[in-house]
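Reading through the structure tokens given below for one structure.
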2 protein chains.
Amino acid sequence: MPAGYHQFCPVSKAMELLDERWTLLVVRELACGSEKFNDLRRGLPRMSPSLLSKRLQQLARSGIVERHTEGKDVRYVLTTAGQELRPVVEALGAWGVRWVGELGDEDLDPTLLLWDMHRNVDHTAVPDGRIVIQFSFPDAPTKTRDWWMVITADDADVCDVDPGYPVAVMVNASLRRMVEVWRGDMTWSQALVAGDIDVLGPETLRRDLPRWFTPSPFASIPRPA
Amino acid sequence: MPAGYHQFCPVSKAMELLDERWTLLVVRELACGSEKFNDLRRGLPRMSPSLLSKRLQQLARSGIVERHTEGKDVRYVLTTAGQELRPVVEALGAWGVRWVGELGDEDLDPTLLLWDMHRNVDHTAVPDGRIVIQFSFPDAPTKTRDWWMVITADDADVCDVDPGYPVAVMVNASLRRMVEVWRGDMTWSQALVAGDIDVLGPETLRRDLPRWFTPSPFASIPRPA
DNA sequence: CGGTATCCCCGTCGATACTG
DNA sequence: CAGTATCGACGGGGATACCG
């Protein structure tokens, strides 16, 4: 931890706790509902486990996170102070979506995309029973090209190997377009019309699929003219 | 600049530009109205000039700041994108004032306090003519103990030597209490009653002095129970 | 599953001096 | 006033391996 700012300004005092690399992204993950170490890791794939561990300890010392253990089960939970960082994260995201438009190829991580989509499945909107969606990103490297999302009444799993169940809908998409749709930079229908995303399957499922996922809060932020 | 986060999440993309040390404090200074290099320095006394220069360049490259030159005059101005960071800074400050309560002695910088107060003088509230306030912080080191603020119709200057004009009001205060009042952690009247701040001078001036300064936006944030 | 331990590089930051 | 130049230390953090 570098020295503080030696300023009484509340912004400075906040940044003394929050300005280190990864810190607010850990908070974001916690605010998104991840509680377990390895779930946090999945949302922060490029972060080393030792650094994640360190950040969690720092956040705990700062009173932002509490470490709960029940038997072998360990969970990290935002304190009240931590939950009140949500407006900060939201303001940052709202700004980012408006003013940091262009994504590099490096930002297009299919693992992260599927992880993010899977935790935003709206189970009330998905038909009953087990629904399997296959995603295929032709422009992605072979290893991360094909994905299967298995949705049941109260769960959603992601696999990078065919789990064997019959596929209900197949989504064939440019990875970049899929990410852009997910971020709200464009709509499903725009991408479909443009031919950048193909949805294959029964008519009703094809039509309803966009509603199976609750859009990110940033999707609705108006973009600058 | 460390590597990016390799995430498409808008929060990550924002933090790639903003999470380095000092960056958002420079934005705060610009949002507070400073435009010139050395004014920015006054608001960021512990930041080296080279680092400030570097940050300004980074902010310019990020489209957050524009460098305007007119002849010899150089001014840094927030772009639209930069102005839209105000909600981020405000959210951080609101959080900081609630959850980073305790200030270290290192955070109590009289220079910064006077600089901050002087730029928040409400000239419509100060009596006409030249008003000189002397501040004295008995608990501060000799060099930074005594200050004079000279307020005229359209200007406010701070000196650390007696400018020679007659002093209208004298404020004798614990530095810590003065900072806490300024931050809104306590009110003027609380500090006066507690005897941590003494105001000496004509009755009307003593009574009105708190209103000569427009309180920081964070002063009104409710503190946690 | 839930982390530590270790290692080492390289960038950041701070300090100070200096310039047009 | 508005910065640049230089320099050195420190430690942040990335990678990887390992442990209960």
Side-chain angles (χ1 to χ4, degrees), chain A residues 1-7 12 15-27 29-30 34-62 65-77 106 109 112 115 157-158, chain B residues 1-7 12 15-26 29-30 34-62 65-77 106 109 112 115 157:
Chain A
M1 278 160 298
Y5 288 116
H6 301 284
Q7 299 205 173
S12 318
M15 287 314 272
E16 285 182 2
L17 301 178
L18 301 172
D19 71 354
E20 267 178 322
R21 192 165 155 77
W22 291 110
T23 300
L24 273 174
L25 302 190
V26 175
V27 173
E29 280 306 300
L30 291 161
S34 290
E35 296 188 330
K36 313 188 58 145
F37 192 85
N38 284 315
D39 283 347
L40 292 166
R41 287 202 64 185
R42 273 182 261 282
L44 302 160
R46 313 270 306 202
M47 189 180 193
S48 77
S50 44
L51 190 50
L52 174 56
S53 172
K54 181 179 177 183
R55 285 288 180 274
L56 287 168
Q57 291 174 41
Q58 291 173 316
L59 288 168
R61 259 186 290 130
S62 305
V65 161
E66 263 173 6
R67 186 177 192 272
H68 292 277
T69 64
E70 277 186 52
K72 288 218 57 169
D73 192 57
V74 182
R75 285 169 192 280
Y76 296 92
V77 179
E106 296 294 318
D109 180 343
L112 211 42
W115 170 255
D157 281 326
V158 173
Chain B
M1 280 152 297
Y5 288 116
H6 302 285
Q7 299 205 172
S12 318
M15 286 314 272
E16 286 181 1
L17 301 178
L18 301 172
D19 70 355
E20 267 178 322
R21 191 165 157 77
W22 292 108
T23 301
L24 273 174
L25 301 191
V26 175
E29 281 305 301
L30 291 162
S34 289
E35 297 189 328
K36 313 186 57 143
F37 192 85
N38 284 314
D39 282 347
L40 292 166
R41 287 200 64 185
R42 272 182 262 281
L44 302 161
R46 312 272 307 203
M47 188 179 192
S48 78
S50 42
L51 190 51
L52 173 56
S53 173
K54 181 179 177 184
R55 286 288 180 273
L56 287 168
Q57 291 174 40
Q58 290 173 317
L59 288 168
R61 259 186 288 129
S62 304
V65 161
E66 264 175 5
R67 186 178 192 273
H68 292 281
T69 65
E70 277 186 51
K72 288 218 57 172
D73 192 58
V74 182
R75 285 170 190 279
Y76 297 92
V77 179
E106 296 296 318
D109 180 343
L112 212 41
W115 170 255
D157 280 327

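Chain A is the first sequence line, chain B the second, and so forth, proteins listed ahead of strands; every chain is numbered from 1. Below, each value reflects all heavy atoms present in this structure, side chains not excepted, and no hydrogens, waters or symmetry copies.
- If you measure from atom CG of A/L52 to atom C1' of C/dG3, you get 9 Å, rounded to the nearest angstrom.
- Listed by chain and residue number, B/F37, B/Q57 satisfy the side-chain contact (heavy atoms from CB on, under 4.5 Å) test with B/S53 (two or more places apart in sequence, or in another chain).
- Within the structure, a side-chain polar atom (N or O) of B/S53 is placed less than 4.0 Å from OP1 or OP2 of D/dT4.
- Contact annotation: B/Y5 does not reach the phosphate of D/dG13 (side-chain N/O to OP1 or OP2, under 4.0 Å).
- Atom P of nucleotide C/dG3 and atom CG of A/L59 are separated by 14 Å, given to the nearest angstrom.
- Remark: C1' of C/dC1 and CG of A/D73 are 10 Å apart, rounded to the nearest angstrom.
- Nucleic acid contact for A/R67: sugar-phosphate only, since backbone atoms but no base atoms lie under 4.0 Å from a heavy atom of the residue.
- To the nearest angstrom, C1' of D/dG3 lies 5 Å from CZ of B/F37.
- Between C/dG3, D/dC1, D/dG3, one nucleotide has an atom nearer to the side chain of B/R42 than all others, and that is D/dC1.
- With a 4.5 Å cut-off on side-chain heavy atoms, B/H6 and A/D109 do not count as touching.
- Applying the side-chain contact (heavy atoms from CB on, under 4.5 Å) rule to A/L59 yields the partners A/T23, A/V26, A/V27, A/I64, A/V65; only residues at least two apart in sequence or on another chain are considered.
- The salt bridge (Lys or Arg N to Asp or Glu O under 4.0 Å) pairs that include a residue from residues 42-52 of chain A are A/D39-A/R42, where partners are two or more places apart or lie in different chains.
- The nearest whole Å value for the distance from the CG atom in B/N38 to the P atom in D/dT4 is 12 Å.
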Q | side-chain contact (heavy atoms from CB on, under 4.5 Å) assessment of A/R41 paired with A/L52 | A | CA-CA 8 Å; A/R41 287 202 64 185; A/L52 174 56; 3.6 Å; yes
(Q) For a quick check, with a 4.0 angstrom heavy-atom cut-off, what is the B/S/- contact string for nucleotides 13-20 of chain C, read 5' to 3'? (A) SSB-----
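- Under the side-chain contact (heavy atoms from CB on, under 4.5 Å) criterion, A/E66 pairs with A/H68, A/T79, sequence neighbours left out.
- One can place CD of A/Q57 at 15 Å from C1' of D/dG12, the figure rounded to the nearest angstrom.
- Taking atom CG on B/L56 and atom C1' on D/dT4, their separation rounds to 14 Å, with Å as the unit.
- In this structure B/E35 satisfies the side-chain contact (heavy atoms from CB on, under 4.5 Å) test together with B/R75, B/V77, sequence neighbours excluded.
- Here C/dC1 presents its C1' atom at 16 Å from CD of A/E70, a figure rounded to the nearest Å.
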